[in-house]
Amino acid sequence: MLTRVLETALPVFIALFLGILCRKKQMLTRSGVDALKKVAVDIALPAEILMAFAGTQYSIGGMRIPVMMFAVCLAALFLGRLLRKALRIRSTRMPYLMTGFEAGMMGYGLYALLHPDGMADFAILDLGQVLFVFTVFKLSISGKGKGTQIFREAFSSPVLWAIIIGVILGATGIYEALKPSGVSAVLESVTDFIAAPAGCLILLTVGYDLELKGIHWSRVLTYTGSRILIMGALGGLVWLLNTTVLGGAIRPGALILMMSLPAPFLIPVFADVEEEKSDIASTLSVMTLFCLAVFAVLAAAGL
């Protein structure tokens with residue numbers, strides 16, 4: 001068991017450590033890290049996502065999964081707003097820390113280490129939350145009157161286009177139909193080569209941004225604890241529906257990892273007050289550490 005945990009988890013923590021080292025030793029500048037993020041998120045990750053969705057088995061029943069995840073994200077946002085009122089939290093961005101998942105910058109990279117050949121199990125969960133983030137989340141957090149701009153931004157995202165193309169290839173049966181000719185194998189070889197550095201690059205940049213100095217712990221732990229509570233309750237509900245309604249269609253490890261992921265890393269961009277931005281960034285760092293702890297448990301359990 002120890003060997004399995006080390007094989008799966010050690011590369012993650014080494015990549016994070018290298019990111020931290022790059023910051024402390026000034027081996028990379030902020031602009032350099034931002035460039036690495038763009039390579040990872042706009043080139044390597046879309047290649048990985050495209051093949052994950054192309055290889056997914058689609059059915060009318062299976063489409064209940066992304067619909068359910070969209071509903072989970074909506075419910076989490078609603079519960080976050082209720083908690084903000086109940087706890088009398090001043091931050092207007094606090095509810096957005098309760099919903100959405102950073103699948104792109106973390107989820108796919110971590111799940112690929114757990115199940116390299118099972119990315120479709122994670123991708124079908126991600127589909128619902130991606131649609132939520134590109135629609136309700138961005139429209140709500142940005143304010144009114146920016147719908148057209150957000151629509152343009154969404155459809156300029158390589159990740160969204162990778163999902164669209166992957167779904168078309170998978171849902172129409174084109175990907176399967178091309179297998180006898182060898183075209184699918186060539187496409188898979190190309191995308192695998194392009195996607196190969198995605199996990200390491202993403203985790204390295206996450207490590208670079210992992211900063212735990214100057215944290216206002218009472219607020220950060222309140223936000224983190226609130227998210228864990230909300231995601232624990234909603235995750236339990238999804239688990240129940242998976243066993244009773246979906247017939248176990250959702251892989252347990254994929255669900256647990258998804259629900260433990262931090263909120264989208266883009267939230268600090270929308271914070272208006274510097275102190276609020278600092279609290280959000282610190283909360284995302286603590287959530288990231290929590291997710292890595294869950295990942296280590298999943299690796300140990302073989303989930």
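Model, not experiment: these values are computed from the prediction. All values below were derived from every heavy atom in this structure, side-chain atoms included, with hydrogens, water molecules and symmetry-related copies excluded.
The two residues Thr99 and Leu77 have their closest heavy-atom pair at CB-N, 3.8 Å. In plain terms, the two heavy atoms of Met287 and Pro262 that are nearest each other are CB-CB, 3.6 Å. Closest heavy-atom contact between Tyr208 and Thr29: OH-C, 3.6 Å. Nearest approach of Met51 to Thr191, heavy atoms of both residues: CG-OG1, 2.8 Å. Taking both residues in full, the closest heavy atoms of Pro46 and Ala162 are given as O-CB, 3.3 Å, listed atom of the first, atom of the second, then distance. When every heavy atom of Ala198 is checked against every heavy atom of Ala40, the shortest pair comes out as O-CB, 4.5 Å.
When atom types are taken as modelled, the side chain of Asp279 and the backbone of Val220 share no donor-acceptor pair closer than 3.5 angstrom. Between the side chain of Arg84 and the backbone N or O of Ser91, at least one donor-acceptor pair lies under 3.5 Å. Under a 3.5 Å cut-off, the side chain of Ser181 and the backbone N or O of Leu178 do form a donor-acceptor pair. The backbone N or O of Ile89 lies less than 3.5 Å from no partner atom in the side chain of Arg219, so there is not a single donor-acceptor pair. Side-chain atoms of Arg81 never come within 3.5 Å of backbone atoms of Pro95 as a donor-acceptor pair (strictly under, hydrogens ignored). Within the 3.5 Å criterion, the main-chain N or O of Leu97 finds a donor-acceptor partner in the side chain of Arg227. Side chain of Ser189 to main chain of Ala185: no donor-acceptor pair is present (N/O by atom type, distance under 3.5 Å, no hydrogens or angles). No side-chain donor-acceptor contact under 3.5 Å links Asp121 to the backbone of Ala254.
With rounding to the nearest 0.5 angstrom, the CE atom of Met258 is 10.5 Å from the CD1 atom of Ile124. Remark: Ile14 CD1 to Cys200 SG distance equals 10.0 Å, nearest 0.5 Å. Summarising the geometry, atom CG belonging to Leu113 is positioned 11.0 Å from atom CG belonging to Leu10; distances are rounded to the nearest 0.5 Å. Taking CD1 from Ile164 and CG from Leu50, the interatomic distance works out to 11.0 Å, rounded to the nearest 0.5 Å. Atoms CG and CG, from Leu79 and Leu74 in turn, are 11.0 Å apart once rounded to the nearest 0.5 Å. The distance from atom CE of Met259 to atom CD of Gln129, rounded to the nearest 0.5 Å, is 10.5 Å.
Here side chain to side chain donor-acceptor pair (under 3.5 Å) pairs that include residues 101-111, with residues two or more places apart or in two chains, are Tyr108-Asp126.
Taking 4.5 Å as the limit, every side-chain heavy atom of Phe101 sits out of range of all side-chain heavy atoms of Met106. Two residues are said to be in side-chain contact when any heavy atoms from C-beta on lie closer than 4.5 Å; Arg64 and Val67 fail this criterion. Contact annotation: the side chain of Leu303 never approaches that of Leu257 to less than 4.5 Å [non-hydrogen atoms, C-beta and beyond]. Between Leu127 and Met69, every side-chain heavy-atom pair lies at or beyond the 4.5 Å cut-off. With a 4.5 Å cut-off on side-chain heavy atoms, Ile267 and Phe137 count as touching. Taking the side chain as every heavy atom from C-beta outward, Phe295 and Ser260 never approach each other to under 4.5 Å. Two residues are said to be in side-chain contact when any heavy atoms from C-beta on lie closer than 4.5 Å; Trp239 and Ile256 meet this criterion. Taking 4.5 Å as the limit, some side-chain heavy atom of Leu36 sits within range of a side-chain heavy atom of Leu28.
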Practice task
Could you go through the salt bridge (Lys or Arg N to Asp or Glu O under 4.0 Å) check for Asp34 and Lys38 one step at a time?
Solution key: CA-CA 6 Å; Asp34 290 342; Lys38 286 196 70 65; over 6 Å; no

Practice task
Would you check, one step at a time, whether the test side-chain contact (heavy atoms from CB on, under 4.5 Å) holds for Leu292 with Leu16?
Solution key: CA-CA 10 Å; Leu292 292 172; Leu16 289 170; 3.0 Å; yes

Practice task
Begin from the C-alpha positions of Ile280 and Tyr96 and carry the test side-chain contact (heavy atoms from CB on, under 4.5 Å) through to its verdict.
Solution key: CA-CA 10 Å; Ile280 291 171; Tyr96 300 99; over 6 Å; no

Handout entry: Audit row: Leu234, Val238, side-chain contact (heavy atoms from CB on, under 4.5 Å) steps and yes/no
Key = CA-CA 6 Å; Leu234 293 175; Val238 173; 5.5 Å; no

Problem - Stepwise side-chain contact (heavy atoms from CB on, under 4.5 Å) test for Leu255 and Asn242 - result: CA-CA 10 Å; Leu255 175 61; Asn242 185 43; 5.6 Å; no

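Taken together through direct or relayed side-chain contacts under 4.5 Å among Ile, Leu, Val, Met, Phe, Trp and Tyr, Val72 and Leu237 form part of one hydrophobic cluster. Phe53 and Val186 fall into different hydrophobic clusters, where Ile, Leu, Val, Met, Phe, Trp and Tyr side chains are chained together by heavy-atom contacts under 4.5 Å. Hydrophobic cluster membership is shared by Met63 and Leu241, with clusters built from Ile, Leu, Val, Met, Phe, Trp and Tyr side chains linked at under 4.5 angstrom. Residue Leu187 is not grouped with residue Met119 when hydrophobic side chains (ILVMFWY) are merged at heavy-atom distances under 4.5 angstrom, including chains of intermediate members. The cluster map of Ile, Leu, Val, Met, Phe, Trp and Tyr, joined by side-chain heavy atoms under 4.5 Å apart, puts Leu82 and Met231 in the same cluster.
Considering only residues two or more places apart in sequence or on other chains, Glu188 meets the salt bridge (Lys or Arg N to Asp or Glu O under 4.0 Å) condition with none of them.
For the 3.5 Å distance criterion, the side chains of Tyr223 and Ser282 fail to qualify, holding no donor opposite an acceptor.
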